[in-house]
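By convention in this document, chain letters (A, B, ...) are assigned in the order of the sequence lines, proteins followed by strands, and residues within each chain are numbered from 1. Just so it is clear, the structure is predicted and the values come from calculations on it, not from any experiment.
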Number of protein chains: 4
Amino acid sequence: MYIDKEEMKQKNSKREAIIEAAVKVFAKKGFYNAKVNDVAKAAGVADGTIYLYFKNKDDLLINLFEDKMDHILNRFAAGLQNIHDPIEKLKTFIHVYFTLIEEDQQLAEVFQVELRQSAKFLKDYHNQKFLDYLNIIAGIVDEGKREGFFRPTLHTDIIKLMIFGAIDEVARQWILGADDKYSLEQASQELSRTIVDGLLAS
Amino acid sequence: MYIDKEEMKQKNSKREAIIEAAVKVFAKKGFYNAKVNDVAKAAGVADGTIYLYFKNKDDLLINLFEDKMDHILNRFAAGLQNIHDPIEKLKTFIHVYFTLIEEDQQLAEVFQVELRQSAKFLKDYHNQKFLDYLNIIAGIVDEGKREGFFRPTLHTDIIKLMIFGAIDEVARQWILGADDKYSLEQASQELSRTIVDGLLAS
Amino acid sequence: MYIDKEEMKQKNSKREAIIEAAVKVFAKKGFYNAKVNDVAKAAGVADGTIYLYFKNKDDLLINLFEDKMDHILNRFAAGLQNIHDPIEKLKTFIHVYFTLIEEDQQLAEVFQVELRQSAKFLKDYHNQKFLDYLNIIAGIVDEGKREGFFRPTLHTDIIKLMIFGAIDEVARQWILGADDKYSLEQASQELSRTIVDGLLAS
Amino acid sequence: MYIDKEEMKQKNSKREAIIEAAVKVFAKKGFYNAKVNDVAKAAGVADGTIYLYFKNKDDLLINLFEDKMDHILNRFAAGLQNIHDPIEKLKTFIHVYFTLIEEDQQLAEVFQVELRQSAKFLKDYHNQKFLDYLNIIAGIVDEGKREGFFRPTLHTDIIKLMIFGAIDEVARQWILGADDKYSLEQASQELSRTIVDGLLAS
DNA sequence: AATGAATGAGATTTCATTCAT
DNA sequence: CATGAATGAAATCTCATTCAT
């Protein structure tokens, strides 16, 4: 029994190690410029080992995405659990987002930059986790409409993208260091205020 | 005299043809999956010809970006020329943006998807044209603050990114066809109203 | 233990195989006209394998040169080991030279013809092994002067080149088959006699 | 009439210009690394123009060689014209050789380095001019034998190569600047003395 | 005769993936 | 399970040569 557990841990830990290495390497070099061997070296395994855990390089990126997205979705679920006011929910959503960005900037970079890149990921690959993520926002917006906080005429499909895009871009530029003119805390406040104001029923 | 003109046109037209072909091909296959030979065939020239006009594949992408960005910046300048009310300016900006997207969807796809991908473009390559573009938004926001329309406490560096991100994401998803639930006209209206409301001084 | 040895042998044997193949192919086609794929085929490996052992085509030529030069220098050292008379040493040097030429005519051709060609080898690439080689001759000449056999006024720096050039050219033309009018044995005798006579103190 | 002459001069001067440019460029970069366009630029003509005067790049090198060799052969003929003593002839030959080297070091470099390079030139291309050149030496040696100055047993075919190689190598190293330890004048003296001593009948 | 833009065959080199150990 | 040497398809880029002007 404990052996199985050990082995499971080993197994997991090797798969994990590869994903963590991939996050680092993809963040630094970009997916297309990163070599499988770079990831292998960073993970402390042989090239071939990666193919024991992942079908190919694309599959590694997909698995990385799904794994990390699970974690992110859990974090949002946890953060929003005990909040009932849609306005507070929206503010919390933004806050959790920036907290995640700050916690793991390399992961953030992969999400912000690399996942945008390939047709594979934004077009061909049907991205349920990303839809789940957008639906958190949609849920909050719909709730706000239902409860009379937000304009009832809001087109949720557009608004959810708008909110996501706004947060995402501010985060991306912070990550890229193009703007060290603002802190994530400032950004969080500014975005919350402006977005909420934009949605409020008059 | 007319010969010089002719030749100029010829010359330009070959460079132009390559760039137009690159837009098509990059939009369809993505930058990294597009072969130089694909671009050459699409442009009706030989592989080598591309290297007479561009240093290498990266350089082609950079030139494509700069050329097209010039056009875009001109379009914004023209569109905003005779408008003085900052609120109207913002609405017009959004409208012009979506008009451009609609006019050339392939170009839009390259800008919205492919240009996000390479470290070259978002990090290494210092991107003056993109800054110019963001500064159009910043200018409108600052004007609105000065003239008392918008909250004077707005942090322009954050707000400009927020606005850009919001518009950009809505446009991207429309391009990618993930959402055929809305028209660009609807999106334009919805964004204008929401963003302006978010910025207004109470 | 024997496994390590085996592996070493294997490893060496692949690097070796590539170098031997390169000698054959460069001799036949010339360095610039030889394709990497020609070498790969001759060595019975894939193109890519060559790049596991050598940085690029130039590096292969350099390594070939250094490896073979080591062997050649050893042969000279061995041949001259037990000889003390400078005149005998000179004769032996010439004899060993022609023996090496005869033993491996393809290698000789690469050394005599191909290595002369690229700026890399005669100018840019700093060529310690070749200097070592010339210094064998210089050593013999100096010894001969010191011991009163050779004219004490000989300018060793010139004489060593003269001797090398004389031997080298006779060998080259024999290799190129331009002159099948003489055997290497004849050439060896003729050169020995003439050079020694030229150096002798009167 | 005078127009034809003019044109002839023009014609010659363009062909000449290309050859002179080729000497410069080949000397600097080596034949294989020199681009036709490099030669064209150096000659102040268009790429295509070179093909009006020469069949291809190889043909340019061959023509360069033949032209220059004619000049060289003439110089030797002139220098040796009024000398009858074979020993003096040999000394003069060496002296003329070094004078030519000194007069045009770039040409020398092409002859010394580049012409050695391609199978085309030392094997395939049947090189009458080079044989003519070697035969000047052979003629002197034979004369010396006939007149009793040199050992009658000398194998002229070997000796001519030996003499050529000795002179050539000393010249080459001087060109390459590897040895700035000696002047060409010194070299000339040293070689003359040593070679003549080596050949003398005892 | 001269030009030089255009060609396109072909060479080097890379790197994801495999498989014998 | 793990390795990493070997593979070889495929991509970028070069450059001698052509040919319409």
Side-chain angles (χ1 to χ4, degrees), chain A residues 7 10-11 14-15 18 32-41 43-60, chain B residues 3 6-7 10-11 14-15 18 32-41 43-60, chain C residues 3 6-7 10-11 14-15 18 32-41 43-60, chain D residues 7 10-11 14-15 18 32-41 43-60:
Chain A
E7 280 181 356
Q10 288 303 112
K11 221 179 202 170
K14 192 148 281 188
R15 187 179 178 283
I18 293 168
Y32 279 101
N33 294 315
K35 290 145 203 39
V36 170
N37 176 264
D38 293 333
V39 176
K41 269 191 293 198
V45 301
D47 292 20
T49 304
I50 290 180
Y51 291 84
L52 298 174
Y53 293 91
F54 307 97
K55 256 205 323 280
N56 52 38
K57 199 186 168 193
D58 281 347
D59 188 53
L60 169 57
Chain B
I3 288 180
E6 266 309 297
E7 280 180 356
Q10 288 305 110
K11 227 177 198 166
K14 192 142 281 187
R15 188 181 177 282
I18 293 168
Y32 281 101
N33 293 315
K35 313 298 155 231
V36 171
N37 176 265
D38 295 334
V39 177
K41 269 190 296 199
V45 301
D47 291 21
T49 304
I50 290 180
Y51 292 88
L52 295 177
Y53 292 91
F54 308 97
K55 262 209 311 285
N56 51 39
K57 200 184 164 194
D58 279 347
D59 189 52
L60 169 56
Chain C
I3 287 179
E6 266 309 297
E7 280 180 355
Q10 288 304 111
K11 225 176 200 166
K14 191 143 283 189
R15 186 180 179 283
I18 293 168
Y32 281 101
N33 294 315
K35 314 297 156 231
V36 171
N37 176 266
D38 295 334
V39 177
K41 270 190 296 200
V45 301
D47 291 20
T49 304
I50 290 179
Y51 292 86
L52 295 177
Y53 293 91
F54 308 98
K55 262 209 310 285
N56 50 40
K57 200 185 163 194
D58 279 347
D59 189 53
L60 169 56
Chain D
E7 282 182 353
Q10 288 303 110
K11 221 179 201 170
K14 193 147 280 191
R15 186 181 178 282
I18 293 168
Y32 280 101
N33 293 315
K35 289 144 203 43
V36 170
N37 176 265
D38 293 334
V39 176
K41 269 191 296 198
V45 300
D47 293 19
T49 305
I50 290 180
Y51 290 84
L52 297 175
Y53 294 91
F54 307 96
K55 257 208 320 280
N56 51 38
K57 199 185 167 193
D58 280 347
D59 188 54
L60 169 56

Q: Can you check whether N33(D) reaches Y32(C) side chain to side chain, under 4.5 Å on heavy atoms?
A: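 Yes, close enough: below the 4.5 Å cut-off.
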Q: Using whole Å, report how far OH of Y32(B) lies from P of dT14(E).
A: 16 Å
Q: Could you tell me the separation between the NZ atom of K41(A) and the NZ atom of K35(A), rounded to the nearest 0.5 Å?
A: 10.0 Å
Q: Both distances under 3.5 Å, Watson-Crick or G-U wobble: report the partner of dA16(F), or none.
A: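 By the stated definition (distances under 3.5 Å), dT7(E) pairs with dA16(F).
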Q: Any N/O pairs under 3.5 Å between the protein and nucleotides 7-10 of chain E? List them or say none.
A:
from	atom 1	to	atom 2	distance (Å)
dT7(E)	OP2	A46(B)	N	3.0
dT7(E)	OP2	T49(B)	OG1	2.2
dG8(E)	N7	G48(B)	N	3.4

Q: For dA1(E), which nucleotide in any strand shown is its Watson-Crick or wobble partner with both distances under 3.5 Å?
A: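 Paired with no nucleotide.
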Q: Quick one: K55(A) NZ to dT18(E) C1', roughly how many Å, whole number?
A: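 Roughly 16 Å, once rounded to whole Å.
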Q: Are Y53(D) and dA1(E) close enough that a side-chain N or O sits under 4.0 Å from OP1 or OP2?
A: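 Result: no.
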Q: Considering residues at least two apart in sequence or located in another chain, which fulfil the side chain to side chain donor-acceptor pair (under 3.5 Å) criterion with D47(B)?
A: N37(B)
Q: Across the strands shown, which category fits N37(B) at heavy-atom distances under 4.0 angstrom: base, sugar-phosphate, nothing?
A: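 Result for N37(B) = nothing.
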Q: If you compare all heavy atoms of V39(B) against all heavy atoms of I18(B), which two are closest, and at what distance to 0.1 Å?
A: CG1-O, 3.9 Å
Q: Starting from P on dA2(F), measure out to CZ on F54(A) and report it in whole angstrom.
A: 12 Å
Q: How long is the line joining OH of Y51(C) and P of dA9(F), in whole Å?
A: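 Going from Y51(C) (OH) to dA9(F) (P), I get 16 Å.
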Q: What are the two closest non-hydrogen atoms of V36(A) and Y51(A), and how far apart are they?
A: CG2-OH, 3.7 Å
Q: For D38(B) and dT12(F), give me the distance from atom CG to atom C1', rounded to whole Å.
A: 13 Å
Q: Please check if the side chain of K14(B) supplies one atom and the backbone of Y53(B) the other of a donor-acceptor pair under 3.5 Å.
A: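 Such a contact is absent between K14(B) side chain and Y53(B) backbone.
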Q: Between P on dA6(E) and CZ on R15(B), what's the gap in Å once rounded to a whole number?
A: 13 Å
Q: Write down the distance between CD1 (I50(A)) and C1' (dC1(F)), rounded to a whole number of angstrom.
A: 15 Å
Q: In Å and rounded to the nearest 0.5 Å, what is the CZ to CG distance from R15(D) to L60(D)?
A: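 Atom-to-atom, R15(D):CZ and L60(D):CG are 9.0 Å apart.
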Q: What nucleic acid atoms does A40(B) come within less than 4.0 Å of, heavy atoms only: base, sugar-phosphate, or nothing?
A: nothing
Q: Using whole Å, what does the distance between atom C1' of nucleotide dA2(F) and atom CD1 of I18(A) come to?
A: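 It works out to 11 Å between those atoms.
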